[in-house]
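Below, each value reflects all heavy atoms present in this structure, side chains not excepted, and no hydrogens, waters or symmetry copies. Treat the numbers as computed from the prediction; the structure is a model and nothing was measured. For the single chain, residues carry numbers from 1 onward in sequence order.
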Amino acid sequence: MTDKLKRLWATKTKDDEWWSSFVTSPLGILANYGAVEVAQITPNRITAASFLVAVGATFGIVVGGNGWLIAAAILIQISHILDCMDGQMARYRKVSSPEGSYYDRLTDQVQVALWFGAAGYAAYAQTADVTPVFLAMIGIAFYNLRGYAKYVSLEIEMAFDPDYTAKMAGLKRTETTAGLGFDLRANWAWFLKEQRKVLAFDEGVFVFMLSAALIFDQLVPMLWLFAASQVFWGTYRSFRRGQNIGKNQKVPLQK
């Protein structure tokens with residue numbers, strides 16, 4: 001094992017999402033093995049490339065037909081690998097920036113809306129039933145609610161305690177428990193434990209779920225699952241964040 005590969009592996013996000021954790025993120029590391037030496041390839045350009053590929057996948061879903069849907073599934077995977085690569089490269093080169101992180105997260109949010117909006121349209125075109133469109137809208141709305149509730153709670157917490165984010169960052173630190181340098185037993189235990197994340201229905205699960213639905217032409221069942229999961233998690237997490245604020249702050253807040 002080369003020192004370079006070890007240093008690249010160290011850039012892998014410690015608490016990666018489900019599909020990212022053991023598929024797209026490791027593939028991103030392999031792609032970065034050569035890419036990090038090319039000066040013209042920068043993290044921000046990879047972010048832009050990831051988004052453009054995601055837009056291409058959206059186009060494929062809207063056009064429809066088996067060939068285009070399979071191509072869209074492949075493009076979604078490529079986009080997610082690139083999405084893993086940009087952060088890895090930034091950490092490897094030690095050029096991470098707030099601006100880069102902002103645009104990376106912003107494009108992630110937009111492409112989820114594009115993909116599932118397109119999937120709702122494609123399912124409508126197949127069935128002439130408007131229900132999939134509403135399922136896509138509901139899923140996107142409640143997925144965005146998850147992020148919005150986090151933003152609102154963070155803003156309120158910081159208004160009362162300017163050091164809140166620093167305190168939370170200290171609590172969220174995780175240690176590497178598997179990967180390069182760990183034995184087979186440790187990696188297998190990590191792999192089994194990692195499967196619990198599939199229930200979180202986050203972006204990493206979407207990448208797998210949507211790609212599988214496109215390949216096997218099962219858009220309507222996937223949209224039901226997407227909408228139901230996001231209604232649950234959007235409501236639950238918003239409620240929990242409100243509870244946490246209530247526990248931490250007893251001062252009346254102005255609207």
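- Atom CG of D129 and atom CZ of F134 lie 10.0 Å apart (nearest 0.5 Å).
- More than 12 heavy atoms of other residues, nucleotides or ligands sit less than 6.0 Å from atom CZ of R7.
- If you take CD1 on I245 and CD1 on I156, they are separated by 4.0 Å, rounding to the nearest 0.5 Å.
- With hydrogens and angles disregarded, no donor-acceptor distance shorter than 3.5 Å links the side chain of S25 to the backbone of S21.
- Here the side chain of S101 pairs no donor or acceptor atom with the backbone of P98 at under 3.5 angstrom.
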Please lay out, stage by stage, how L219 and M222 fare under the test side-chain contact (heavy atoms from CB on, under 4.5 Å). CA-CA 5 Å; L219 290 176; M222 181 275 298; 4.0 Å; yes
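- Of the inter-residue distances, the one linking I61 atom CD1 with F116 atom CZ reads 8.5 Å to the nearest 0.5 angstrom.
- Of all non-hydrogen atoms in S97 and G100, the two that sit nearest each other are OG-N, 3.0 Å.
- Defined by atom type and a distance below 3.5 Å, a donor-acceptor pair is present between the side-chain atoms of S211 and Q77.
- If you check the side chains of Q230 and R146, you find a donor sitting under 3.5 Å from an acceptor.
- Using a 4.5 Å cut-off on side-chain heavy atoms (C-beta onward), L154 and Y151 make no contact.
- Residues D161 and M158 are not in side-chain contact: their nearest non-hydrogen atoms beyond the backbone lie 4.5 Å or more apart.
- Between Q88 and N32, the closest heavy-atom pair is OE1-ND2, 3.1 Å.
- Rounding to the nearest 0.5 Å gives a distance of 9.5 Å between OG of S20 and CD of E194.
- When all heavy atoms are compared, the tightest approach of D202 to E17 is OD2-CG, 3.5 Å.
- Between L223 and A136, the shortest heavy-atom distance links the atoms CD2-CB, 4.1 Å.
- Ion pair K4/E37 flagged as a salt bridge, since at least one NZ, NE, NH1 or NH2 atom sits closer than 4.0 Å to an Asp/Glu carboxylate oxygen.
- Atom CD of Q111 sits about 10.5 Å away from atom CG of L106, to the nearest 0.5 Å.
- The backbone N or O of R45 sits less than 3.5 Å from a side-chain atom of T42, completing a donor-acceptor pair.
- Checking S50 against S79 by side-chain atom types alone, a donor-acceptor pair falls below 3.5 Å.
- The side-chain heavy atoms of L114 and F51, taken from C-beta on, include a pair separated by under 4.5 Å.
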Assess whether side-chain contact (heavy atoms from CB on, under 4.5 Å) is satisfied between R237 and F232, documenting all intermediate values. CA-CA 8 Å; R237 292 189 179 180; F232 172 77; over 6 Å; no
Report the C-alpha separation of K12 and R91 in whole Å, then their side-chain angles, then the decisive distance to 0.1 Å, and conclude whether the side-chain contact (heavy atoms from CB on, under 4.5 Å) test is met. CA-CA 9 Å; K12 184 178 182 296; R91 289 186 286 274; over 6 Å; no
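- Of the inter-residue distances, the one linking L69 atom CG with I74 atom CD1 reads 11.5 Å to the nearest 0.5 angstrom.
- Annotation for Y148: atom OH does not count as buried by contact number, only 12 or fewer foreign heavy atoms lying within 6.0 Å.
- Paired with Y143 under the rule ring pair (Phe, Tyr, Trp, His ring centres under 6.0 Å), one option of F226, F206, W233 passes, and it is F206.
- Following chains of ILVMFWY side-chain contacts shorter than 4.5 Å, one cannot reach L184 starting from W190, and the two form parts of different hydrophobic clusters.
- Inter-residue side-chain proximity for M89 and I41 is flagged as met; some heavy-atom pair is nearer than 4.5 Å.
- When every heavy atom of A73 is checked against every heavy atom of I215, the shortest pair comes out as CB-CG1, 3.7 Å.
- F208 and W18 have their aromatic ring centers within a separation under 6.0 angstrom.
- The closest side-chain heavy-atom distance from Q126 to P132 is not below 4.5 Å.
- D83 has its side chain within reach of E203: a pair of non-hydrogen atoms, C-beta onward, lies under 4.5 Å apart.
- Cation-pi geometry between R185 and W188 is not met: the NZ or CZ atom fails to fall both under 6.0 Å from the ring centre and inside 45° of the normal.
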Evaluate the criterion side-chain contact (heavy atoms from CB on, under 4.5 Å) for residue pair M209 and F201; output intermediate values, then yes/no. CA-CA 9 Å; M209 183 172 72; F201 283 95; 4.1 Å; yes
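- Ring geometry, Y121 versus Y124: the interplanar angle falls from 30° to 60°, so the pair is classed tilted.
- At least one side-chain heavy atom of V53 sits under 4.5 Å from a side-chain heavy atom of L82.
- The shortest non-hydrogen separation linking N187 to A178 is OD1-CB, 3.5 Å.
- The 12-atom threshold is exceeded at OH of Y33, counting heavy atoms of other residues, nucleotides or ligands nearer than 6.0 Å.
- Only one option out of T47, T107, N44 pairs with D86 in a side-chain hydrogen bond (donor to acceptor under 3.5 Å, both in side chains); it is T47.
- Environment of CH2 in W68: sparse, with no more than 12 heavy atoms of neighbouring residues, nucleotides or ligands closer than 6.0 Å.
- Using a 4.5 Å cut-off between side-chain heavy atoms of Ile, Leu, Val, Met, Phe, Trp and Tyr, with links allowed through other members, M85 and I78 fall into the same hydrophobic cluster.
- Around atom CZ of F216, no more than 12 heavy atoms belonging to other residues, nucleotides or ligands sit under 6.0 Å away.
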